[in-house]
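Residue indices begin at 1 and follow the sequence shown. Hydrogens, waters and symmetry mates are skipped; everything else that's a heavy atom, side chains included, is used.
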Amino acid sequence: MKKGIYIPLSCAILTVAALSGCSTTNKIPDATIENAIQDSTNIYSDYGLSIQQFSFDSRNYDKQEKTEAVTVTVNADNADTSYTATYDVLGKLSDKSWRIVSVTQTSEEIKPKNALSYEDVSLLSDNLIKDAQGSARFTEACTMHIQDCTIDSTSLSDTASANLIFSADTQCFSVKREGLAIFNYTLGGWTLSDCQIGDFDIELNESGLSGTWSLTEGKSYTTLTVNHTDGSSAYATYDSYSQSMGYVFFETHVSEVSEFKLNMEDNLYFTYCTDDGMEYQPYFECTDSSGEYRASFTINPENSASDTPTIWAGIGHLTKQ
């Protein structure tokens, strides 16, 4: 009869326990890694990011040094943002307890859950309007606003753009500028990274401008009658006459309806300094067929000092009759 080989049960249990102890001891607990990552940065607490998933890209245990090098990808989110980051974590085993030596972030990806909206653009409108107006402040009637906004953005893309039309609207004209705004998404939301602003342009309000504008002071008078507008030109007749002490200082007559063109070169920015700040003040000039100067006028928009626009031509400020 063959004699059997018996291994005492207690020895078998000790052997399995020893093997099991090695397999778990040589691996940093997942909870320890997660806590170490969250302790290494305030991003998760500051922005309410909840960790949804851990993905271990590599785990390397060094028996001689009793260390484990772990590369882990963390997926987290909040109501507005999807956040992904990769970390290199180094731990050291000492007295059967793991101590985290270092946590190094190697990559980061921040994406919005929703595309850029007009509400997002509106929150940054102060900066956009400041770029459109320049550094000067403007009177209330001439303050620009966003008239139109066309957004190019998709969900989960961290960049977006918006084509904008800025406008300052007065009773007689509007000042327009086109702009292209570039936005980047961060953990704090959408931010404005760049804004490219086009040239100034004028759109005339024919109903506000058409009619007779005049001023009479003693024996001096100036009358401008705007017949119609077309693009950036006004078509008008103009008469101005001034005398004092029997002397005629000047006399100008444009008796037929003639074109007064917006002069872009002499009034490039359409701005004029007032007690309240700056205001757009477009300048129009009429020349004959040979290019000789005939007459001109400037539109002064309404402001806090005057609730109606005036026109400067000849001897003073003309008001609409």
Task: Residues in side chain to side chain donor-acceptor pair (under 3.5 Å) contact with Gln171, at least two apart in sequence or another chain - done: none

- [ ] Check the hydrophobic clustering (I, L, V, M, F, W, Y; side-chain heavy atoms under 4.5 Å; chains of links allowed) and say if Leu93 and Leu90 are grouped together.
- [x] no

Open item on the list: Do Tyr118 and Phe183 land in one hydrophobic cluster if side-chain heavy atoms of ILVMFWY residues count as linked below 4.5 Å?
Closed with: yes

TODO: Go through Glu68 and Lys27 one step at a time and tell me if the salt bridge (charged side-chain N to carboxylate O under 4.0 Å, His left out) criterion holds.
DONE: CA-CA 7 Å; Glu68 185 182 23; Lys27 182 178 178 182; over 6 Å; no

Open item on the list: Given 3.5 Å as the limit, does a donor-acceptor pair link the side chain of Asn78 with the main chain of Thr81, or not?
Closed with: yes

Task: Set of ring-ring contact (aromatic ring centres under 6.0 Å, His included) partners for Tyr185, sequence neighbours left out - done: Trp190

- [ ] Return yes if some donor-acceptor pair links the side-chain N/O of Lys320 with the main-chain N/O of Thr308 below 3.5 Å, else return no.
- [x] no

Task: Heavy-atom closest contact (Ser220 atom, Ser242 atom, distance) - done: OG-OG, 3.0 Å

- [ ] Give the C-alpha distance, both sets of side-chain angles, the deciding distance and a yes or no for side chain to side chain contact (heavy atoms under 4.5 Å, CB included) between Phe200 and Tyr280.
- [x] CA-CA 10 Å; Phe200 286 95; Tyr280 300 103; 3.5 Å; yes

Open item on the list: Any heavy-atom pair between the side chains of Lys261 and Cys286 that's under 4.5 Å?
Closed with: no

Open item on the list: So which atom in Thr237 and which in Val257 form the shortest heavy-atom distance, rounded to 0.1 Å?
Closed with: CG2-N, 3.6 Å

TODO: Check whether Leu224 and Ile202 end up in the same hydrophobic cluster, where Ile, Leu, Val, Met, Phe, Trp and Tyr are linked by side-chain heavy atoms less than 4.5 Å apart.
DONE: yes

Task: By salt bridge (Lys or Arg N to Asp or Glu O under 4.0 Å) - contacts of Arg99 (at least two apart) - done: none

Task: Side-chain donor/acceptor of Thr106 to backbone N/O of Thr86, under 3.5 Å - done: yes

Task: Check: Lys176 and Asp148 side chains under 4.5 Å, non-hydrogen atoms - done: no

Task: Side chain Asp62, main chain Gln64, donor-acceptor under 3.5 Å - done: yes

Open item on the list: Quick check: closest heavy atoms across Leu192 and Ile182, and the distance to 0.1 Å?
Closed with: CD1-O, 3.6 Å

Task: Heavy-atom side-chain proximity of Ile33 to Val72 below 4.5 angstrom - done: yes

Task: ring-ring contact (aromatic ring centres under 6.0 Å, His included) involving His317 - partner list, sequence neighbours excluded - done: Trp312

Task: Verdict with supporting geometry, Tyr83 and Glu108, side chain to side chain contact (heavy atoms under 4.5 Å, CB included) - done: CA-CA 8 Å; Tyr83 181 77; Glu108 181 182 60; 2.7 Å; yes

- [ ] Taking all heavy atoms of Ala132 and all of Arg177, pick out the closest pair and write down the distance.
- [x] O-NH1, 2.6 Å

- [ ] State the CG-CD1 distance between Asn205 and Ile299, to the nearest 0.5 angstrom.
- [x] 9.5 Å

Open item on the list: Checking Asn75 now: which residues fulfil side chain to side chain donor-acceptor pair (under 3.5 Å) with it, not counting sequence neighbours?
Closed with: Thr84

Task: side-chain contact (heavy atoms from CB on, under 4.5 Å) partners of Ile100, counting only residues at least two apart - done: Ile28, Thr32, Ala36, Val89, Val103

Task: Distance (rounded to the nearest 0.5 Å) between Asp120 CG and Ser153 OG - done: 8.5 Å

TODO: Report yes if the side chains of Tyr44 and Ile51 come closer than 4.5 Å at any heavy-atom pair, otherwise no.
DONE: yes

- [ ] Report the residues that fulfil side-chain contact (heavy atoms from CB on, under 4.5 Å) with Asn60, sequence neighbours left out, ordered by chain and then residue number.
- [x] Ser58

- [ ] Could you name each residue pair satisfying ring-ring contact (aromatic ring centres under 6.0 Å, His included) that touches residues 289-309, not counting sequence neighbours?
- [x] Phe260-Phe297, Phe284-Phe297

- [ ] Check salt bridge (Lys or Arg N to Asp or Glu O under 4.0 Å) between Asp131 and all other residues, then give those that pass, not counting sequence neighbours.
- [x] none

Task: Cluster check Val101, Tyr61: I/L/V/M/F/W/Y, side chain < 4.5 angstrom - done: no

TODO: Check whether any side-chain heavy atom of Asp88 sits under 4.5 Å from a side-chain heavy atom of Val70, and report yes or no.
DONE: no

Task: For Glu302, all residues meeting salt bridge (Lys or Arg N to Asp or Glu O under 4.0 Å), sequence neighbours excluded - done: none

- [ ] Return the set of residues passing salt bridge (Lys or Arg N to Asp or Glu O under 4.0 Å) with Asp152 (not counting sequence neighbours), or none when no residue passes.
- [x] none

TODO: Check for a donor-acceptor pair, side chain of Gln281 on one end and backbone N or O of Glu279 on the other, with a separation under 3.5 Å.
DONE: no

Open item on the list: For a quick test of reading the model, state the closest non-hydrogen atom pair linking Ser210 to His228 and the distance between them.
Closed with: OG-CA, 4.0 Å

Task: From Leu128 atom CG to Leu164 atom CG, the distance as rounded to the nearest 0.5 Å - done: 6.0 Å

Open item on the list: Once ring-ring contact (aromatic ring centres under 6.0 Å, His included) is applied, do any residues pair with His145, and if so which ones, sequence neighbours excluded?
Closed with: none

Task: side chain to side chain contact (heavy atoms under 4.5 Å, CB included) between Met144 and Ile129, intermediate numbers included - done: CA-CA 6 Å; Met144 279 193 162; Ile129 290 170; 4.2 Å; yes

Open item on the list: Would you compute the distance between atom CG of Leu187 and atom CG of Asp46 and round it to the nearest 0.5 angstrom?
Closed with: 9.5 Å

Task: Approximate separation, where rounding is to 0.5 Å, of Ser232 OG and Asn263 CG - done: 10.5 Å

TODO: Without swapping roles, check the side chain of Ser45 against the backbone of Asn42 for a donor-acceptor pair under 3.5 Å.
DONE: yes

Open item on the list: Within a 6.0 Å radius of atom NZ on Lys113, are there more than 12 heavy atoms belonging to other residues, nucleotides or ligands?
Closed with: yes

TODO: State plainly whether one hydrophobic cluster holds both Leu116 and Ile110, where clusters connect Ile, Leu, Val, Met, Phe, Trp and Tyr through side-chain heavy atoms under 4.5 angstrom apart.
DONE: yes

TODO: Using modelled atom types only, decide if a donor and an acceptor are shared between the side chain of Ser157 and the backbone of Thr159 within a distance under 3.5 Å.
DONE: yes

Task: Side-chain heavy-atom pair Asn300, Ile311 within 4.5 angstrom cut-off - done: no

Task: Verdict with supporting geometry, Thr252 and Tyr238, side chain to side chain contact (heavy atoms under 4.5 Å, CB included) - done: CA-CA 8 Å; Thr252 304; Tyr238 176 74; 3.8 Å; yes

Open item on the list: Is it the case that the side chain of Ser174 and the backbone of Glu203 share a donor-acceptor pair, with hydrogens and angles ignored and the cut-off at 3.5 Å?
Closed with: no

Task: Spacing of Thr154 atom OG1 and Asn114 atom CG [to the nearest 0.5 Å] - done: 11.5 Å

Task: Side chain to side chain, Glu178 and Phe166, heavy atoms closer than 4.5 Å - done: no

Open item on the list: Can you give me the closest heavy-atom contact between Trp213 and Thr310, atom names plus distance?
Closed with: CZ3-CA, 4.2 Å

- [ ] Spell out, as yes or no, whether a donor-acceptor pair under 3.5 Å connects the side chain of Lys92 to the backbone of Glu65.
- [x] yes

Open item on the list: For Thr229, is there any backbone N or O sitting under 3.5 Å from a side-chain donor or acceptor partner on Glu206?
Closed with: yes

Task: Any side-chain heavy-atom pair of Arg294 and Asp288 under 4.5 Å - done: yes

